[in-house]
Amino acid sequence: MMRTRPLKVALLGCGVVGSEVARIMTTHADDLTARIGAPVELAGVAVRRPDRVREGIDQNLVTTDATALVKRGDIDVVVEVIGGIEPARTLITTAFEHGASVVSANKALLAQDGAALHAVAGQHDKDLYYEAAVAGAIPLIRPLRESLAGDKINRVMGIVNGTTNFILDKMDSTGAGYQEALDEATALGYAEADPTADVEGFDAAAKAAILAGIAFHTRVRLDDVYREGMTEVTAADFASAREMGCTIKLLAICERAADGASVTARVHPAMIPLSHPLASVRGAYNAVFVESDAAGQLMFYGPGAGGSPTASAVLGDLVAVCRNRLNGATGPGESAYAALPVSPMGEVVTRYHISLDVADKPGVLAQVATVFAEHGVSIDTVRQSGKDGEASLVVVTHRASDAALTGTVEALRKLDTVRGVASIMRVEGE
């Protein structure tokens, strides 16, 4: 039987995403009612600038007092799309305490305080859903914590930031330098005026923390994620990648150790074979590659940002939470029973591509090979070229730990015949 009393929704934030959420709630009201089993009503919209014209939104619903809105007591669901840590954290906690479930797109807050927020939601028997926090419109959070709940996930690797993928794709396809590609991304609206959060990997690291926590049933905080930006990637790096049949992507990688006793989470640029599905992800798109025991290899692909795609994920969560509300139930909360330790980056094992500037004279290769051997790093291939007393030496290793590679590079820098380390890049996806 269809319930006639509407479920009331409070919207915190009415920017690009929030305004699109409000628009879809209005234009698709009949469909949402049919799918949920009750009407949904936008009961209030909290904003910082109330005088701004917001097309399609009743001005009487607009308020600058977000705290009063979430404390009303008649609100069924709070949709938080303001971002940042505060006041979002306090508002979400207050919403739970006053009887509302929460749908959030706040990756930074969830990566930092997700466990605490889940705990408060559990105390008050309320839902906390956040599909929109990772990879925009791509259904990813719910498949990981529901569809694959009976499986054992071993690895989650993906492109989870559209800005960086656009820049790297432009550098690869046109030969543009980093700054030139960034300028184009900014002009097209893919990059913020201050792109630091994207290009230095902070955005991707927050998403990696969320994905690792869900995939491995372990609490993983932002501080647990190794982070390395992509501002030092050069056209020469792409040339080297092409010689190996690879391209370069900024990857978020979450892995379970081979013995199953620990996990790692990291974000950094990496060479990836052109044969890997992630290598073909172009422009500002996102994609996440999941490897599990029973399901095998799965890939989720689509637009990872923007008002409409992100609003789509928010509305999907809103429908699920409203259904739970009608049924007097809650969906899955935090699953951290495994409580696996998060290993430091030094223990991560992968392949490496190292480019060295060396003296062009006999014996240099032997010296370099000796250093690698002394640190237990096995060499896969070596390529040397040069003239007029200077040379370039490119070494690709077999799998080695980050700590072993770091020690190797430190020792190489001490050789008189090594003029400098031009670049070091990990090789993933093999």
Side-chain angles (χ1 to χ4, degrees), residues 13-21 47-49 52 54 81-85 88 105-109 111 132-138 158-208 222 225 227-239 241-242 247-252 267-272 278-288 301-314 423 425:
C14 198
V16 174
V17 176
S19 60
E20 191 66 9
V21 169
V47 300
R48 286 184 298 174
R49 294 181 286 275
R52 177 180 294 178
R54 294 172 174 86
V81 289
I82 57 178
I85 305 302
N106 196 330
K107 55 188 171 288
L109 177 58
V134 180
I138 305 172
I159 299 162
V160 295
N161 183 277
T163 300
T164 55
N165 198 59
F166 178 89
I167 293 170
L168 292 173
D169 181 41
K170 186 62 61 173
M171 292 175 69
D172 187 22
S173 60
T174 69
Y178 166 75
Q179 189 60 51
E180 183 183 351
L182 173 60
D183 290 343
E184 182 172 350
T186 303
L188 292 172
Y190 292 128
E192 301 288 344
D194 179 0
T196 303
D198 295 323
V199 300
E200 293 295 351
F202 291 101
D203 176 83
K207 295 169 182 176
L222 180 59
V225 182
R227 177 195 55 79
E228 190 178 310
M230 42 77 72
T231 58
E232 300 301 317
V233 177
T234 66
D237 292 324
F238 275 102
R242 282 190 288 273
T247 188
I248 299 172
K249 300 290 186 182
L250 184 75
L251 298 177
V267 170
H268 54 71
M271 293 183 180
I272 187 167
L278 290 176
S280 61
V281 178
R282 311 300 297 269
Y285 275 72
N286 284 193
V288 177
Y301 169 84
S308 293
T310 305
S312 172
V314 170
S423 68
M425 191 162 294

Engineer: Applying salt bridge (charged side-chain N to carboxylate O under 4.0 Å, His left out), name anything that partners Asp237, two or more places apart in sequence or on another chain.
Structural biologist: none

Engineer: Between Ala279 and Thr247, what is the shortest heavy-atom contact and its length?
Structural biologist: CB-CG2, 3.9 Å

Engineer: Which residues satisfy the side chain to side chain contact (heavy atoms under 4.5 Å, CB included) test with Glu232, sequence neighbours excluded?
Structural biologist: none

Engineer: For residues Leu109 and Asn106, report the shortest heavy-atom separation together with the two atoms involved.
Structural biologist: N-OD1, 3.0 Å

Engineer: What are the two closest heavy atoms between Ala191 and Thr186, and how far apart are they?
Structural biologist: CB-OG1, 3.6 Å

Engineer: Which residues satisfy the ring pair (Phe, Tyr, Trp, His ring centres under 6.0 Å) test with Phe202, sequence neighbours excluded?
Structural biologist: none

Engineer: With Phe238, which residues qualify under ring pair (Phe, Tyr, Trp, His ring centres under 6.0 Å), at least two apart?
Structural biologist: none

Engineer: Do the non-hydrogen side-chain atoms of Val17 and Val21 ever get within less than 4.5 Å of each other?
Structural biologist: yes

Engineer: How close do Ile167 and Ala185 get, heavy atom to heavy atom, and via which atoms?
Structural biologist: CG1-CB, 4.0 Å

Engineer: What pairs with Ala313 under side chain to side chain contact (heavy atoms under 4.5 Å, CB included), at least two apart in sequence or on another chain?
Structural biologist: Glu131, Ala132

Engineer: Do other residues, nucleotides or ligands put more than 12 heavy atoms under 6.0 Å from Arg242 CZ?
Structural biologist: yes

Engineer: Between Thr163 (side chain only) and Tyr190 (backbone N and O only), is there a donor and an acceptor less than 3.5 Å apart?
Structural biologist: yes

Engineer: If a pair satisfies salt bridge (charged side-chain N to carboxylate O under 4.0 Å, His left out) and one of its residues is in residues 176-190, list it, with sequence neighbours excluded.
Structural biologist: Lys170-Glu184

Engineer: Can you name the residues that form a salt bridge (charged side-chain N to carboxylate O under 4.0 Å, His left out) with Glu192, not counting sequence neighbours?
Structural biologist: none

Engineer: List the atom of Ala270, the atom of Met425, and the distance in Å for their closest heavy-atom pair.
Structural biologist: CA-CG, 4.0 Å

Engineer: Looking at residues at least two apart in the chain, or sitting in another chain, which of them share a ring pair (Phe, Tyr, Trp, His ring centres under 6.0 Å) with Tyr178?
Structural biologist: none

Engineer: If you round to the nearest 0.5 Å, how far is CG of Asn161 from CG of Leu250?
Structural biologist: 7.0 Å

Engineer: Got a sec, which residues hit salt bridge (charged side-chain N to carboxylate O under 4.0 Å, His left out) with Lys107, two or more places apart in sequence or on another chain?
Structural biologist: Asp203

Engineer: Kindly compute the distance separating CG (Asp169) from OG (Ser280), expressed to the nearest 0.5 Å.
Structural biologist: 10.5 Å

Engineer: For Ala208, enumerate each residue passing the side chain to side chain contact (heavy atoms under 4.5 Å, CB included) test, keeping only those at least two apart in sequence or located in another chain.
Structural biologist: Val225, Ala252, Cys254, Val267

Engineer: Mind checking the CG-CG spacing from Asn165 to Leu251? Nearest 0.5 Å is all I need.
Structural biologist: 9.0 Å

Engineer: Roughly how far, to the nearest 0.5 Å, is NZ of Lys249 from OG1 of Thr164?
Structural biologist: 9.0 Å

Engineer: What distance separates Ile248 CD1 from Met171 CE, expressed to the nearest 0.5 Å?
Structural biologist: 7.5 Å

Engineer: Residues in side chain to side chain contact (heavy atoms under 4.5 Å, CB included) with Tyr285, at least two apart?
Structural biologist: Val281, Tyr301, Pro303

Engineer: Sequence neighbours left out, what passes salt bridge (charged side-chain N to carboxylate O under 4.0 Å, His left out) with Glu200? Give chain and number order.
Structural biologist: none

Engineer: Does Val233 reach the side chain of Leu168, with side-chain heavy atoms less than 4.5 Å apart?
Structural biologist: yes

Engineer: Has the side chain of Arg54 got a donor or acceptor atom that lies under 3.5 Å from a matching backbone atom of Arg52?
Structural biologist: yes

Engineer: Shortest non-hydrogen contact from Gly175 to Ala235?
Structural biologist: O-CB, 4.5 Å

Engineer: Applying side-chain contact (heavy atoms from CB on, under 4.5 Å), run through Leu182 and Gln179 and close with a yes or a no.
Structural biologist: CA-CA 5 Å; Leu182 173 60; Gln179 189 60 51; 3.9 Å; yes

